[in-house]
A.B. asks: 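One structure, pasted below without further comment.
Side-chain atoms are counted along with the backbone in the values below, which use heavy atoms only and exclude waters and symmetry mates. Residue numbers begin at 1 in each chain, while the letters A, B, ... track the order of the sequences.
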Amino acid sequence: MIAKRPIIVVALACAAGMCGCQGGDNSGLNIAMMLGDAGVISSDEARYMQAGLNVAGKAWELEQLTPENEHYIGRAVAARLIARFGMSENGNATRYVNLVGQSLAMGSDMPETFDGYRFIILDSDDVNAFAAPGGFVLVTRGMLRVCKSEDALAAVLAHEVAHVQNRDGLNALKNSQFWGTVAKEGLNVADQNIGALTEAFNGLIDQFVDQIIVKGYSRDAELRADRDAVTILKRVGYNANSMIAMLDELQAGWKPSIGMLKTHPSPDQRLAKVRPLVAESKPAPHVLARQKRFNQAMNPLLAQQTEH
Amino acid sequence: MRKTRLLLAAAVTCGLTTATLIAADQMTVQVKRTQVRDTPSYLGKLVAELRYGDRVTILEKGPAWLKIQSKLDSGSKTSGYLHKSTLTTRQLTLTAGTASQVDASEEELALAGSGFNEDIEQRYRNEHRDLDAAFEALDHMRGSAIFNPKPQDLRAFLAQGGVEGGER
């Protein structure tokens, strides 16, 4: 009788799992709780199962993050950057940057994130741009100053959108010890887990900010973002040659923040990779309307300097 | 006994792993809100709005867009296209702050909150009051037209600038 019981329970559990699949209900989760309550499996095993992990506590997989999880990570990173650099209050410039940016997001492989892309102008004369999970893209006033046209701005924003679609920020943190905490504590926000999850979140945000401001992504990730930016520009209809113009500008002797120097391959290296991708494009006509609206939106913003 | 327990545990895990996916032709909306269109393009006409957790039936799969069928609030069915980035095969749990049409029992809500969500953010904010202004600015963006241009505004913007959807 005792020997037969586990087999029957196994069969019921499998059936419940399958029924849960078809009916879309929580019968599988309930089985795990029942088995835990009955002492057939330990409470740790029940918790792991509820979290969709195997009983050995398999390492956290980035694919388990939902777009909602990515959104909250991205929000916290964006909040840290806004607090550090300040945010521009120029509504016209911000509206314009969002019109260009959202158009590019539409042409990417990840056009929709949990709560949509946000394009934010940071109140800094450093030349830099950042992408956070969930679609938060932040560019400094200093970077906008280097762009001389709407197509150049599109090139910068397309590169950042590519980082979002490629999940480069999260991939760079794949080996963070904080994922281990999440795997161990499980995904359910029960009272006993929330402290540890909050601590893990805290640690991850610190590491993320450090990654994008100081360390940067891998050379491969940066060159891939350039390549994907060309694809996005072509899909939307912007002039892909603008990538070359932007990289020429960056090479020509600007004063980058320390972060930019450390975190990106040199413009020359990037140009070498981008030129062949663009060579086959038809040169797009210079459109006066685009230049006019770029100047209208940017000139008042760029007249400002950050007070030190 | 240990071997039996491991076997049992493995079986339940297999069942649960399957249970975390839904039926093969069904997917769930994984973004806060999205628009079903009459063609596989963001230029397509709006057919319906769906929200996080809404279920759809997949009719056809393209490389980037899926043709879906969905039930409206009225009970009638509608079909159209969604970009694949909006959908998942996972059975999503509801989180406390997420708007959804699906009625959730208290137990479901108690089980919900997979990983990092609004609750975790609130705790993070409580520990980082120096970020109050920044988070408030982010909150304000949610309802701001500046940060949320409508698709028709984007179409007009691109058209005015002579930006025409180009090579793939």
A.B. asks: Looking at A:Gly101, A:Ala76, A:Ala289, A:Gly116, which one has more heavy-atom pairs under 4.5 Å with chain B than the rest?
C.D. replies: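 Max contact count across the listed options: A:Ala76.
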
A.B. asks: Can you confirm whether A:Tyr117 sits close enough to B:Phe147 that some side-chain heavy atom of one is under 4.5 Å from a side-chain heavy atom of the other?
C.D. replies: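 Of all side-chain heavy-atom pairs linking B:Phe147 with A:Tyr117, none is under 4.5 Å.
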
A.B. asks: Report the residues that fulfil salt bridge (charged side-chain N to carboxylate O under 4.0 Å, His left out) with A:Glu112, sequence neighbours left out, ordered by chain and then residue number.
C.D. replies: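 For A:Glu112 there are no salt bridge (charged side-chain N to carboxylate O under 4.0 Å, His left out) partners, ignoring immediate neighbours.
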
A.B. asks: Could you walk me through whether B:Phe135 and A:Arg75 pass the side chain to side chain contact (heavy atoms under 4.5 Å, CB included) check?
C.D. replies: CA-CA 8 Å; B:Phe135 272 112; A:Arg75 256 175 70 95; 3.7 Å; yes

A.B. asks: Taking all atoms of both residues into account, what is the closest heavy-atom pair of B:His83 and A:Pro111, and its distance?
C.D. replies: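 Where B:His83 meets A:Pro111 most closely, the heavy atoms are CE1-CD, 3.2 Å.
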
A.B. asks: If you look at every heavy atom in B:Gly161 and A:Arg290, which pair is closest and at what distance?
C.D. replies: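 Residues B:Gly161 and A:Arg290, closest heavy atoms: O-NE, 2.7 Å.
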
A.B. asks: Assess the residue pair A:Ile82 and B:Leu138 against the criterion (side chain to side chain contact (heavy atoms under 4.5 Å, CB included)); give the C-alpha distance rounded to whole Å, side-chain angles, the decisive distance to 0.1 Å, and a yes or no.
C.D. replies: CA-CA 9 Å; A:Ile82 290 169; B:Leu138 288 165; 4.0 Å; yes

A.B. asks: Of the backbone (N, CA, C, O) and the side chain (C-beta and beyond), which part of A:Val97 lies under 4.5 Å from a heavy atom of chain B, both, or neither?
C.D. replies: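 For A:Val97, neither part sits under 4.5 Å from chain B.
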
A.B. asks: If you check every heavy atom in residues 148-156 of chain B against those of chain A, which residues fall under 4.5 Å?
C.D. replies: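 B:Asn148, B:Pro149, B:Asp153, B:Leu154 fall under the 4.5 Å cut-off.
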
A.B. asks: Would you compute the distance between atom CZ of B:Phe157 and atom OH of A:Tyr96 and round it to the nearest 0.5 angstrom?
C.D. replies: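 One finds 5.0 Å between CZ of B:Phe157 and OH of A:Tyr96.
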
A.B. asks: How many angstroms lie between NZ in B:Lys32 and NE2 in A:His71, if you round to the nearest 0.5 Å?
C.D. replies: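 If I round to the nearest 0.5 Å, the distance is 5.5 Å.
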
A.B. asks: Where do A:Arg293 and B:Val163 come nearest, in terms of heavy atoms and distance?
C.D. replies: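 Minimum heavy-atom contact is NH2-CG2, 4.4 Å.
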
A.B. asks: Does A:Asp206 have any salt bridge (charged side-chain N to carboxylate O under 4.0 Å, His left out) partners at least two apart in sequence or in another chain, and if so, which?
C.D. replies: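 Counting only residues at least two positions away or on another chain, A:Asp206 forms a salt bridge (charged side-chain N to carboxylate O under 4.0 Å, His left out) with A:Arg80.
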
A.B. asks: For B:Ala133, is it the side chain, the backbone, both, or neither that has a heavy atom closer than 4.5 Å to a heavy atom of chain A?
C.D. replies: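 The answer is neither part of B:Ala133.
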
A.B. asks: For the ring pair A:Phe114 and B:Tyr52, is the centre-to-centre distance below 6.0 Å?
C.D. replies: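 Here the rings of B:Tyr52 and A:Phe114 have centres that are less than 6.0 Å from each other.
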
A.B. asks: Report which part of A:Ile73 has an atom under 4.5 Å of a heavy atom belonging to chain B: side chain, backbone, both, or neither.
C.D. replies: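 The side chain, not the backbone.
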
A.B. asks: Name the region of A:Phe136, side chain, backbone, both or neither, that has any atom closer than 4.5 Å to a heavy atom of chain B.
C.D. replies: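 Side chain only.
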
A.B. asks: Using the ring-ring contact (aromatic ring centres under 6.0 Å, His included) rule, take A:Phe201 and B:Phe116 through it: C-alpha gap first, then chi angles, then the decisive distance, then the call.
C.D. replies: CA-CA 7 Å; A:Phe201 186 78; B:Phe116 303 138; 5.0 Å; yes

A.B. asks: Take B:Gln30 and A:Thr66 through the side chain to side chain contact (heavy atoms under 4.5 Å, CB included) test and state the conclusion after the steps.
C.D. replies: CA-CA 8 Å; B:Gln30 61 175 356; A:Thr66 64; 5.6 Å; no

A.B. asks: Evaluate salt bridge (Lys or Arg N to Asp or Glu O under 4.0 Å) for B:Lys84 paired with A:Asp109, printing each intermediate quantity in order.
C.D. replies: CA-CA 9 Å; B:Lys84 64 182 181 185; A:Asp109 291 339; over 6 Å; no

A.B. asks: Please give me the minimum heavy-atom distance between A:Thr113 and B:Val31, naming the atom from each residue.
C.D. replies: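 Answer, listing the atom of A:Thr113 first, then B:Val31: O-CG1, 3.3 Å.
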
A.B. asks: Strictly by modelled atom types, are A:Asn202 and B:Glu127 linked by a side-chain donor-acceptor pair under 3.5 Å?
C.D. replies: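 Yes, side-chain donor-acceptor contact under 3.5 Å.
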
A.B. asks: Measure distances from A:Glu150 to the heavy atoms of chain B and classify the residue's part below 4.5 Å as side chain, backbone, both or neither.
C.D. replies: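 Side chain only.
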
A.B. asks: So what's closer than 4.5 Å to chain B heavy atoms on A:Ile205: side chain, backbone, both or neither?
C.D. replies: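 Contact with chain B is through the side chain of A:Ile205 alone.
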
A.B. asks: Within this structure, what is the CE-OG1 distance for the pair A:Met110 and B:Thr86, rounded to the nearest 0.5 Å?
C.D. replies: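 OG1 of B:Thr86 is found 12.0 Å from CE of A:Met110.
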
A.B. asks: Please name the pair of heavy atoms, one in A:Ala79 and one in B:Ala134, separated by the smallest distance, quoted to 0.1 Å.
C.D. replies: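 Reported closest heavy-atom pair: O-CB, 3.3 Å.
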
A.B. asks: So, taking the atom named OG1 in A:Thr198 and the one named CD1 in B:Ile120, what distance separates them when rounded to the nearest 0.5 Å?
C.D. replies: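 These two atoms lie 4.0 Å from each other.
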
A.B. asks: For a side chain to side chain contact (heavy atoms under 4.5 Å, CB included) check, start with the C-alpha distance between B:Met141 and A:Met87, then their side-chain angles and the critical distance, and finish with the verdict.
C.D. replies: CA-CA 12 Å; B:Met141 286 175 207; A:Met87 195 174 93; 3.5 Å; yes

A.B. asks: Name all residues meeting the salt bridge (charged side-chain N to carboxylate O under 4.0 Å, His left out) criterion together with A:Arg118; count only those two or more places apart in sequence or in a different chain, and write none if there are none.
C.D. replies: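 Expected list: A:Asp115.
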
A.B. asks: Check each atom of B:Asp139 against the heavy atoms of chain A and say whether the ones under 4.5 Å are side chain, backbone, both or neither.
C.D. replies: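 Both backbone and side chain.
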
